[in-house]
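When a ligand or atom number is given, it counts from 1 through the structure's own listing order.
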Amino acid sequence: MHPQLPSFDAAHSSAIDRRINSLLKHLDPSSSSQSAAAAMDSLSASPTSSFQSNSVFSHVDQAPEDPILGVTVAYNKDPSPVKLNLGVGAYRTEEGKPLILNVVRKAEQILVNDSTRVKEYIPIVGIADFNKLSAKLIFGSDSPAIQESRVTTVQCLSGTGSLRVGAEFLARHYAQRTIYVPVPTWGNHLKIFALGGLAVKTYRYYDPSTRGLHFQGLLEDLGSAEMGSVVLLHACAHNPTGVDPTLEQWEQIRQLIRSKGLLPFFDSAYQGFASGSLDADAQPVRIFVADGGECLVAQSYAKNMGLYGERVGALSIVCKKADVASRVESQLKLVIRPMYSSPPIHGASIVATILKDSEMYHEWTIELKAMADRIISMRQELHEALLAKGTPGDWSHIIKQIGMFTFTGLNKDQVAFMTKEFHIYMTSDGRISMAGLSSRTVPHLADAIDAAVKLAG
Ligand code: IK2
């Protein structure tokens with residue numbers, strides 16, 4: 001027994017068991033309701049003071065807040081009028097407000113007005129149209145893998161759910177149950193893969209001395225990975241560093257991965273957010289698929305369509321043959337069914353409505369580019385503000401890094417200082433979400449960085 005569990009005397013417990021059994025017996029539809037009520041009364045009237053005062057969960061420890069979402073919890077508690085949340089990677093307008101894309105509102109209106117829609121369960125693998133369109137979005141509409149039916153795509157609960165389903169599938173059906181993740185990586189990856197049944201190892205990715213890619217370290221670590229291991233690759237806009245390989249470097253990574261028989265697992269949470277172009281951001285995935293080899297891809301529509309809370313995503317597994325893809329899909333169903341049975345309808349219907357209509361798709365690309373461009377301009381404004389202040393150090397990484405985040409290089413103490421003195425909230429590794437900044441708040445952030453750096457110096 002757990003040392004902190006309340007002791008529970010056996011006679012007492014068996015008396016309760018007897019009453020519960022009697023209650024269950026009386027709840028049998030064939031027995032009378034009067035006797036069920038009598039059994040219920042006897043259970044509630046029993047002298048169980050120790051039973052009532054000691055929770056069976058009293059040994060449960062208080063868990064720490066999530067390192068990313070916990071930043072928002074702390075931010076919400078701060079009454080300061082100048083507080084600034086740069087923790088969570090969620091897009092905000094210039095006014096600091098969450099954004100619902102116009103094209104999403106239009107799609108929702110179409111769905112609301114469609115009287116033929118029902119709320120029945122959808123298939124275990126989700127909405128067929130959504131799956132086909134999601135595969136085209138990431139692999140390209142002319143992808144041979146799609147044309148040859150070598151891809152299976154299943155709708156999942158956003159990027160996280162897609163990664164988790166992929167991990168559990170690999171744990172059941174792939175012999176080499178080790179996944180290599182970059183250092184650093186999105187914190188949740190470690191838990192998703194470990195709880196999904198994979199052994200998690202790491203490869204070098206970021207070089208703090210250059211604030212850029214540790215390309216040599218990456219090649220060495222993947223070069224010495226066990227044959228066949230799975231490798232997690234951020235498709236674009238690496239979280240948290242904002243550092244992506246160039247296309248030439250991707251090509252070298254591809255050659256190494258294929259020559260070692262490693263299995264790439266792409267996490268595509270930011271397609272369109274890095275460059276503003278959906279096709280350009282999908283290029284790394286497409287060069288791997290073009291070689292005819294296999295890979296997994298987890299897609300999220302949280303950021304690029306602003307559907308965060310709708311939990312819309314997809315897992316695709318690219319196989320070498322159509323019959324293999326079809327068997328893989330049958331096994332994915334066995335992973336999903338006991339996990340959440342089948343996915344939700346609403347978010348995936350929004351995505352499918354937009355992706356299948358050329359005008360709406362075009363409108364989406366414009367709104368997406370506007371979000372990406374606003375983030376890029378925040379990079380420039382912050383960089384200029386630090387230069388104007390003469391803040392010690394080289395801040396060029398702010399404009400070189402890509403996507404939603406800047407990995408500032410600020411340390412834990414500097415971050416704590418900025419939170420305490422300037423009410424600026426960010427993850428303790430020094431990552432800031434550029435999407436949470438605006439022209440109005442850039443000077444405040446620049447003041448805080450300047451003070452934190454000068455204090456440390
Ligand atoms: N993969 C990566 C690399 C992500 O960054 C995310 C989203 N993270 O956003 C929170 C943050 O870091 O501030 C995901 C996957 C999964 O996102 P979702 O499950 O919301 O689609």
Using a strict cut-off of less than 4.0 Å between a Lys/Arg side-chain nitrogen and an Asp/Glu carboxylate oxygen, indicate whether R105 and E108 qualify as a salt bridge.
-> no
Decide, yes or no, whether a salt bridge links R286 with D279 under the criterion of side-chain N to carboxylate O below 4.0 Å.
-> yes
Heavy-atom pair with the smallest gap, counting every atom of H362 and T365 | O-OG1, 2.6 Å
Could you go through ligand 1 and list every pair where one of its N or O atoms sits under 3.5 Å from a protein N or O, giving the atom names and the distance to one decimal?
from     : atom 1 : to   : atom 2 : distance (Å)
ligand 1 : 1 (N)  : D267 : OD1    : 3.3
ligand 1 : 1 (N)  : D267 : OD2    : 2.5
ligand 1 : 5 (O)  : N239 : ND2    : 2.6
ligand 1 : 5 (O)  : Y270 : OH     : 2.6
ligand 1 : 8 (N)  : W186 : NE1    : 3.4
ligand 1 : 9 (O)  : K303 : NZ     : 2.7
ligand 1 : 12 (O) : W186 : NE1    : 3.3
ligand 1 : 12 (O) : N239 : ND2    : 3.1
ligand 1 : 12 (O) : R431 : NH1    : 2.9
ligand 1 : 12 (O) : R431 : NH2    : 3.4
ligand 1 : 13 (O) : G89  : N      : 2.7
ligand 1 : 13 (O) : R431 : NH2    : 2.9
ligand 1 : 19 (O) : G159 : N      : 3.4
ligand 1 : 19 (O) : T160 : N      : 2.9
ligand 1 : 19 (O) : T160 : OG1    : 2.5
ligand 1 : 19 (O) : R311 : NH2    : 2.8
ligand 1 : 20 (O) : R311 : NH1    : 2.9
ligand 1 : 21 (O) : S158 : OG     : 2.5
ligand 1 : 21 (O) : G159 : N      : 2.8
ligand 1 : 21 (O) : S300 : OG     : 2.6

Can E329 and K333 be counted as an ion pair, charged N to O under 4.0 angstrom?
-> no
May I ask you to check whether over 12 heavy atoms, not counting those of R337, lie within 6.0 Å of atom CZ?
-> no
Is it true that the side chains of K400 and S396 contain a donor and an acceptor less than 3.5 Å apart?
-> yes
